Participant: 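After the structure tokens below, expect a handful of questions from me.
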Amino acid sequence: MIEFRNVTKSYKSNEVLKNINFTIYDGEIVVLIGPSGCGKTTTLKMINRLIEPTSGEILINGENILEKDPIALRRSMGYVIQQTGLFPHMTVRQNIEVIPKLEKKPASEISQNTQRLMKMVDLDPEKFLDRYPIQLSGGQLQRIGVARAFATNPDIILMDEPFSALDPITRSGLQDALVSLQTRMKKTIVFVTHDMDEAVKIADRICIMYQGDILQYDKPEEILKNPAHGFVSEFVGKNRIWSNPEYIRADDIMITAPVTTEADIPMFKCMEKMRLQKVNSLMVVDQMGRLVGVVKAAHILRAADREAPVEKVMVQPKLTAKPETSIVELLQMVRRYDVSSIPVVDRENILRGLVTNTSLVTALSNQFLDEEMIEQLGEVEV
Ligand SMILES: Nc1ncnc2c1ncn2[C@@H]1O[C@H](COP(=O)(O)OP(=O)(O)OP(=O)(O)O)[C@@H](O)[C@H]1O
Ligand SMILES: [Mg+2]
């Protein structure tokens, strides 16, 4: 765990970080993002003491890093920068093995580890280990930079715009590689970028910085849905949530007070309720609010005795969703099961809301539709 407590940094009278407070949890990728000059690199370099705070403190696992040996501290972390910082006069192998050798690890162990790291970043060791940095492409260089950062198996890895100089395809490939590495390695990674798409793709938490302040520090979906500040929503971009539809959940778009009845109510009363509320079905719930069935007007119209309780004709819902079910799954459900609405229940089966075709279409049409969604929607009967 890395904690920033009341950290400031000034150069003469210029305060470039103003009282920064945040905590980076173990095993998470935290992305620092914000406009040029907002203090991202300064914040990052404070973690390995390349820059020291003017006031405040930084704790790693509860210990103030100013009380640690700076060289040992730096070696205990991986560090990747934009131009990789590879030594040009050393081969790929020598670059990766610099610190493990300084640490006097056994030669066979180092060499095995290097092979493993090359495979990890998807480069053929045979082909690349003896090359010099100048003989590699930008994407290959960055892969080596990443491999080197993992070489001492550090708990913390700092990355300052490691992929920003790359073309979009190479960049996207490296982002995928990092995410998949992270699922296996569970490092604590602090990653600086300018690019919101990159942040959303890789981050467990995003820290939005502006002029030396943190404006918002939260999970990507929270930032996309509830930007805390005018600048944040501008920075994030209004429609960006729609390029990440998996973050839109049933409870964002459902009707929160669907019309309900209880099972012992006579059918004619239910009919009356539907007429008054202008709906053609009711959710049947018990006294605890748990969903026990669904009744449609058509069921009642077919019944002989409308004095009888509605439970005689109600049916089990074909399917239900959870509040956290994504809009993508909801669209698939609607398509696959040909239903016009989906009750939303929580873990105790308590009815929380109702997603209808209308609420889906309204949610979508209020926003920009991406092509895949239009395609899915095309097959939904509304
Ligand atoms: N050694 C220094 N002396 C004086 N000012 C500095 C120094 N280093 C950084 N700054 C200033 O501190 C502010 C924050 O710089 P920092 O490098 O952290 O920004 P950044 O968010 O990483 O920007 P970029 O996205 O352009 O990399 C900037 O205004 C910069 O000019
Ligand atoms: Mg920077």
Side-chain angles (χ1 to χ4, degrees), residues 2-24 28-60 65-66 70 73-74 77-86 138 141-142 145-146 148-149 156-168 170-171 174-175 178 188-203 205-218 220 223 227-237 240:
I2 309 170
E3 290 166 86
F4 278 69
R5 290 200 189 153
N6 303 317
V7 172
T8 70
K9 179 70 191 176
S10 299
Y11 292 104
K12 298 203 178 111
S13 63
N14 184 19
E15 196 175 39
V16 301
L17 288 183
K18 303 166 188 164
N19 201 24
I20 299 284
N21 284 284
F22 74 122
T23 299
I24 296 166
E28 290 198 339
I29 301 189
V30 166
V31 171
L32 308 180
I33 189 167
S36 188
C38 69
K40 305 179 293 294
T41 297
T42 307
T43 304
L44 191 77
K45 283 184 170 173
M46 281 182 169
I47 298 172
N48 64 5
R49 276 185 71 180
L50 287 171
I51 296 178
E52 292 189 357
T54 305
S55 67
E57 50 192 26
I58 298 160
L59 311 179
I60 294 183
I65 60 171
L66 291 182
L73 180 78
R74 234 159 269 158
M77 296 178 195
Y79 187 38
V80 191
I81 56 176
Q82 189 172 324
Q83 304 305 344
T84 68
L86 295 182
L141 283 172
Q142 291 307 120
V146 172
R148 188 176 63 170
I156 297 172
I157 296 179
L158 310 178
M159 305 180 97
D160 196 349
E161 306 203 37
F163 308 148
S164 65
L166 305 171
D167 65 90
T170 309
R171 184 172 188 159
L174 278 169
Q175 291 162 351
L178 182 67
T188 305
I189 298 179
V190 190
F191 187 109
V192 171
T193 184
H194 273 103
D195 177 353
M196 197 62 195
D197 288 319
E198 181 164 83
V200 170
K201 184 163 166 189
I202 67 171
R205 257 171 245 271
I206 297 176
C207 179
I208 299 192
M209 300 185 65
Y210 183 65
Q211 296 183 347
D213 273 325
I214 293 177
L215 296 185
Q216 191 167 10
Y217 180 48
D218 220 328
I223 289 188
H229 190 280
F231 170 78
V232 178
S233 43
E234 208 177 295
F235 190 74
V236 166
R240 191 179 302 270

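Given the structure is predicted, the values throughout are model-derived calculations rather than measurements. For the single chain, residues carry numbers from 1 onward in sequence order. Whatever order the structure lists ligands and atoms in, that order sets their numbers, starting from 1.
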Participant: Answer yes or no: is there a donor N or O on one side and an acceptor on the other, between the side chain of Thr54 and the main chain of Ser10, under 3.5 Å?
Facilitator: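 Answer holds: yes.
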Participant: When you measure from the side chain of Lys18 to the backbone N and O of Gln211, does any donor-acceptor pair fall under 3.5 Å?
Facilitator: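 Yes; at least one donor-acceptor contact below 3.5 Å.
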Participant: Would a 4.5 Å heavy-atom cut-off, applied to side chains only, mark Phe191 and Glu198 as touching?
Facilitator: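 Yes, their side chains come closer than 4.5 Å.
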Participant: Hey, is ligand 1 close enough to Cys38 that some N/O pair sits below 3.5 Å?
Facilitator: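 Yes.
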Participant: Is the closest side-chain heavy-atom distance between Gln142 and Arg171 below 4.5 Å?
Facilitator: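 Of all side-chain heavy-atom pairs linking Arg171 with Gln142, none is under 4.5 Å.
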Participant: Just need the protein heavy atom nearest to atom 18 (O) of ligand 1, so name the residue and atom and give the distance.
Facilitator: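 It is Thr42 OG1, 2.5 Å.
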Participant: Can an N or O of Gly37 be found at a distance shorter than 3.5 Å from an N or O of ligand 1?
Facilitator: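 In this structure, Gly37 places an N or O atom under 3.5 Å from an N or O of ligand 1.
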Participant: Starting from atom 5 (N) of ligand 1, what is the nearest protein heavy atom, named by residue and atom, and what distance separates them?
Facilitator: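 That would be Tyr11 CD1, 3.3 Å.
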Participant: What residue and atom, counting heavy atoms only, is the protein's closest point to atom 26 (O) of ligand 1, and at what distance?
Facilitator: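 Residue, atom and distance for the closest contact: Ser36 OG, 2.5 Å.
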Participant: Looking at atom 30 (C) of ligand 1, would you say a protein heavy atom lies below 4.0 Å from it?
Facilitator: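 Protein heavy atoms within 4.0 Å of atom 30 (C) of ligand 1 - there are none.
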Participant: Confirm or rule out an N/O/S atom of Thr41, from backbone or side chain, lying less than 2.8 Å from the Mg ion (ligand 2).
Facilitator: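 Yes - counting backbone and side chain alike, Thr41 has an N, O or S atom under 2.8 Å.
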Participant: Any nitrogen or oxygen of Lys40 lying under 3.5 Å from a nitrogen or oxygen in ligand 1? Just yes or no.
Facilitator: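 For ligand 1, there is an N or O atom that lies under 3.5 Å from one belonging to Lys40.
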Participant: Run the numbers on Ile20 and Met209 for side-chain contact (heavy atoms from CB on, under 4.5 Å), then give the verdict.
Facilitator: CA-CA 10 Å; Ile20 299 284; Met209 300 185 65; 4.2 Å; yes
Participant: Side chains of Val190 and Val192: closer than 4.5 Å at any heavy-atom pair?
Facilitator: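 With C-beta onward as the side chain, the pair stays apart.
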Participant: At a 4.0 Å threshold, what atoms of ligand 1 neighbour a non-hydrogen atom of Glu161?
Facilitator: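 With Glu161 as reference, the close atoms of ligand 1 come out as 25 (O), 27 (O).
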Participant: Hey, are the side chains of Met159 and Ile202 touching, using non-hydrogen atoms and a 4.5 Å cut-off?
Facilitator: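 A side-chain contact is absent here, since even the closest heavy-atom pair is not under 4.5 Å.
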Participant: Starting from atom 11 (C) of ligand 1, locate the nearest protein heavy atom and write down its residue, its atom name and how far away it is, to 0.1 Å.
Facilitator: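 For atom 11 (C) of ligand 1, the nearest protein heavy atom comes out as Val16 CG1, 3.7 Å.
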Participant: By number and element, which atoms of ligand 1 are closer than 4.0 Å to a non-hydrogen atom of Thr41?
Facilitator: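 Ligand 1 atoms under the 4.0 Å threshold to Thr41: 17 (O), 18 (O), 20 (P), 22 (O), 27 (O).
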Participant: So, for atom 23 (O) of ligand 1, does the protein have a heavy atom nearer than 4.0 Å?
Facilitator: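 Under the 4.0 Å cut-off, atom 23 (O) of ligand 1 does have protein heavy-atom neighbours.
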Participant: With side-chain contact (heavy atoms from CB on, under 4.5 Å) as the test, would you mind laying out the steps for Ile58 and Ile2 before giving the verdict?
Facilitator: CA-CA 7 Å; Ile58 298 160; Ile2 309 170; 4.2 Å; yes
Participant: Using a strict 4.0 Å cut-off to heavy atoms of His194, name the atoms of ligand 1 that fall inside it.
Facilitator: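 Selected atoms, number and element: 25 (O).
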Participant: Exactly one of Val200, Leu215, Asp218 should register a side chain to side chain contact (heavy atoms under 4.5 Å, CB included) with Ile223. Which one does?
Facilitator: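 Of the listed options, the one satisfying the test is Asp218.
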